[in-house]
Amino acid sequence: WLPFDEGSGTLAADRSSNDLEADLSNIQWATGSFGTAARFGGTNAFIDLPSVPGLNGATQFTFSLWVTWEDPAPRRYPNLLVSQTWSPGGLMFFVAENSCAFRIGRPGEHAAASGNKWSEGSAGFLGSLPQRQWTHLCVTFALPDLVTYVNGKPVNRISWPYPVEAHDLRLGGWNGSVCHNGLIYDLRVYSRALPGMEVAALANAPTRASAAYTLADDSKSVKPLAAT
């Protein structure tokens with residue numbers, strides 16, 4: 001669990017019993033009525049996390065996070081979260097142009113290998129990225145059922161017949177310099193598939209009514225645009 005409540009520095013602490021530590025690269029700290037969050041500037045800003053115990057090989061999980069976007073134009077691929085491996089296996093909160101989806105890859109198979117049996121599953125979150133407002137994204141998996149949620153409500157469901165293959169994680173981007181432009185807050189990873197009522201409870205956060213913030217190293221306030 002990474003609440004990003006430090007407000008300064010280049011490390012973020014895991015508040016779960018796993019006691020992991022995340023490394024921040026070119027991340028700014030944002031403060032608002034929501035508390036504190038990590039701000040990504042669109043280029044070369046990432047948060048790297050070590051392997052979550054029990055995630056690799058898991059047949060159940062839940063990922064939950066809060067996000068805002070500040071992208072003036074669609075881009076490829078400022079992903080929100082990725083595993084450091086993709087093909088074989090892998091998972092990601094995938095962003096392309098103006099959409100966001102959860103993708104997962106078949107374990108043990110390489111997409112480019114001769115005679116490969118590579119396949120991937122994709123369950124959409126959003127077909128349009130809401131700008132400068134808080135959005136809660138969540139995905140649950142209990143083999144073979146994978147469900148995506150937006151703001152506490154289920155939006156997509158697919159069947160995925162394989163366990164997870166995923167090791168180290170990265171927030172904010174994939175390969176290359178392109179990264180998320182906006183805020184990420186309160187990343188939670190569970191070793192079980194949360195039921196819908198618990199997902200709805202995570203998404204019920206009055207403090208996220210406003211996405212306005214001030215940067216810790218800059219007195220300039222950033223106001224939210226009209227909801228889109």
Q: Side-chain heavy atoms under 4.5 Å apart, restricted to Ile/Leu/Val/Met/Phe/Trp/Tyr: what other residues fall into the cluster of Val199, or is it alone?
A: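 Once heavy-atom contacts under 4.5 Å are chained together, Val199 belongs with Val147, Tyr149, Tyr190, Leu194, Leu202.
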Q: Contact between Asn181 and Pro78 at the side-chain level, heavy atoms closer than 4.5 Å - yes or no?
A: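 No, every pair of side-chain atoms sits at 4.5 Å or beyond.
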Q: Yes or no on salt bridge (Lys or Arg N to Asp or Glu O under 4.0 Å) for Arg170 and Asp168, after CA distance, side-chain angles and deciding distance?
A: CA-CA 7 Å; Arg170 167 169 281 189; Asp168 294 358; over 6 Å; no
Q: Verify the neighbour count for atom CZ of Arg157: are there more than 12 heavy atoms of other residues, nucleotides or ligands below 6.0 Å?
A: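 Not more than 12 within 6.0 Å, no.
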Q: Identify the two heavy atoms, one from Leu143 and one from Pro163, that lie closest to each other, and give their separation to 0.1 Å.
A: CD1-N, 3.7 Å
Q: Decide yes or no on side-chain contact (heavy atoms from CB on, under 4.5 Å) for Asn151 and Thr135, but give the supporting numbers first.
A: CA-CA 6 Å; Asn151 294 328; Thr135 301; 4.0 Å; yes
Q: Nearest 0.5 angstrom please: Glu21 CD to Leu2 CG, how far?
A: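 Nearest 0.5 Å value for the CD-CG distance: 10.0 Å.
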Q: Would you check if Leu11 and Asp23 make a side-chain contact, meaning some heavy-atom pair closer than 4.5 Å?
A: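 They are in contact (side-chain heavy atoms under 4.5 Å apart), so the answer is yes.
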Q: Can you check side-chain contact (heavy atoms from CB on, under 4.5 Å) on Trp69 and Asn98, steps first, answer last?
A: CA-CA 10 Å; Trp69 280 276; Asn98 201 33; over 6 Å; no
Q: Does any part of the side chain of Asp5, heavy atoms only, come nearer than 4.5 Å to the side chain of Arg15, both counted from C-beta?
A: yes
Q: Who are the ring pair (Phe, Tyr, Trp, His ring centres under 6.0 Å) partners of Trp1, not counting sequence neighbours?
A: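 Partners of Trp1 under the ring pair (Phe, Tyr, Trp, His ring centres under 6.0 Å) test: none.
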Q: Leu169 and side-chain contact (heavy atoms from CB on, under 4.5 Å): which partner among Pro50, Ser51, Ser83?
A: Ser83
Q: According to the salt bridge (charged side-chain N to carboxylate O under 4.0 Å, His left out) rule, which pairs have a member within residues 82-102, sequence neighbours left out?
A: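 Passing the test, one end in residues 82-102: Arg76-Glu97.
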Q: If you take all heavy atoms of Cys179 and Phe40, which pair is closest and at what distance?
A: SG-CB, 4.5 Å
Q: From Leu65 CG over to Leu81 CG, what is the distance, rounded to the nearest 0.5 angstrom?
A: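 The CG atom of Leu65 sits 7.0 Å away from the CG atom of Leu81.
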Q: Would you give the length of the straight line joining atom NZ of Lys153 to atom SG of Cys138, rounded to the nearest 0.5 angstrom?
A: 15.0 Å
Q: Are any side-chain N or O atoms of Asn18 and backbone N or O atoms of Leu20, one a donor and one an acceptor, separated by less than 3.5 Å?
A: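 Not confirmed, Asn18 side chain does not pair with Leu20 backbone.
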Q: Who pairs with Asp71 by side-chain hydrogen bond (donor to acceptor under 3.5 Å, both in side chains), at least two apart in sequence or on another chain?
A: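 For Asp71, the residues satisfying side-chain hydrogen bond (donor to acceptor under 3.5 Å, both in side chains) (neighbours in sequence not counted) are Arg75.
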Q: Regarding Glu109 and Lys117, does a basic nitrogen lie under 4.0 Å from an acidic carboxylate oxygen?
A: no
Q: Between Ala166 and Leu55, what is the shortest heavy-atom contact and its length?
A: CB-CD2, 4.2 Å
Q: Answer yes or no: is there a donor N or O on one side and an acceptor on the other, between the side chain of Thr43 and the main chain of Ser177, under 3.5 Å?
A: no
Q: Closest heavy-atom contact between Ile184 and Ala37?
A: O-CB, 3.7 Å
Q: Can any side-chain N or O of Asn156 pair as donor or acceptor with the backbone N or O of Ala123 at less than 3.5 Å?
A: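 Side chain of Asn156 to backbone of Ala123: no pair is present.
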Q: Should the pair Phe102 and Phe93 be assigned to parallel (<30°), tilted (30 to 60°) or perpendicular (>60°) ring geometry?
A: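 Judged by the thresholds at 30° and 60°, the geometry between Phe102 and Phe93 is perpendicular.
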Q: Would you call the rings of Phe61 and Phe141 parallel, tilted or perpendicular, taking 30° and 60° as the class edges?
A: tilted
Q: Among the clusters formed by ILVMFWY side chains lying less than 4.5 Å apart, do Val155 and Val139 turn up in the same one?
A: yes
Q: For the residue pair Gly7 and Thr36, what are the closest heavy atoms and their distance?
A: CA-CG2, 4.2 Å
Q: Within the side chain of Asn79, is there an N or O that forms a donor-acceptor pair under 3.5 Å with the backbone of Gly173?
A: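 Answer holds: no.
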Q: Look only at the side chain of Thr10 and the backbone of Leu24, and say whether a donor-acceptor pair between them is shorter than 3.5 Å.
A: no
Q: Look at the side chain of Asn26 and the backbone N and O of Asn44, then say whether any donor-acceptor pair between them is shorter than 3.5 Å.
A: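 Between the backbone of Asn44 and the side chain of Asn26 there is a qualifying donor-acceptor contact (under 3.5 Å).
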Q: What distance separates Arg208 CZ from Ser33 OG, expressed to the nearest 0.5 Å?
A: 9.5 Å
Q: As an exercise, state the distance from OG1 of Thr31 to OH of Tyr213, rounded to the nearest 0.5 Å.
A: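 With rounding to 0.5 Å, OG1 (Thr31) is 11.0 Å from OH (Tyr213).
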Q: For Glu6 and Ala13, indicate whether the former's side chain and the latter's backbone hold a donor-acceptor pair under 3.5 Å.
A: yes
Q: Can you check whether Thr68's main-chain N or O pairs, donor with acceptor, with His180's side chain at less than 3.5 Å?
A: yes
Q: Restricting to non-hydrogen atoms, name the atom on Ala193 and the atom on Thr140 that form the minimum distance, rounded to 0.1 Å.
A: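 Distance-wise, the nearest heavy atoms are CB-CB, 4.1 Å.
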Q: Considering only Ile, Leu, Val, Met, Phe, Trp and Tyr, and joining two whenever side-chain heavy atoms are under 4.5 Å apart, list the other residues clustered with Phe46.
A: none
Q: Say you draw a straight line from CH2 of Trp66 to CG of Asp186; how long is it, rounded to the nearest 0.5 Å?
A: 8.5 Å
Q: Is there a chain of hydrophobic side chains (I, L, V, M, F, W, Y, each step under 4.5 Å between heavy atoms) that links Leu183 to Leu215?
A: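 Yes, because Leu183 and Leu215 connect within a single hydrophobic cluster, where side-chain heavy atoms sit under 4.5 Å apart.
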Q: Please lay out, stage by stage, how Val150 and Leu126 fare under the test side-chain contact (heavy atoms from CB on, under 4.5 Å).
A: CA-CA 8 Å; Val150 175; Leu126 296 160; 4.0 Å; yes
Q: Met92: which other cluster members, linking ILVMFWY side chains closer than 4.5 Å, directly or transitively?
A: Tyr77, Val82, Trp86, Phe94, Trp118, Trp174
Q: Any side-chain heavy atom of Trp160 within less than 4.5 Å of one from Arg106?
A: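 Yes, side chains in contact.
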Q: Could you walk me through whether Leu171 and Phe4 pass the side-chain contact (heavy atoms from CB on, under 4.5 Å) test, one step at a time?
A: CA-CA 12 Å; Leu171 281 166; Phe4 298 116; 3.6 Å; yes
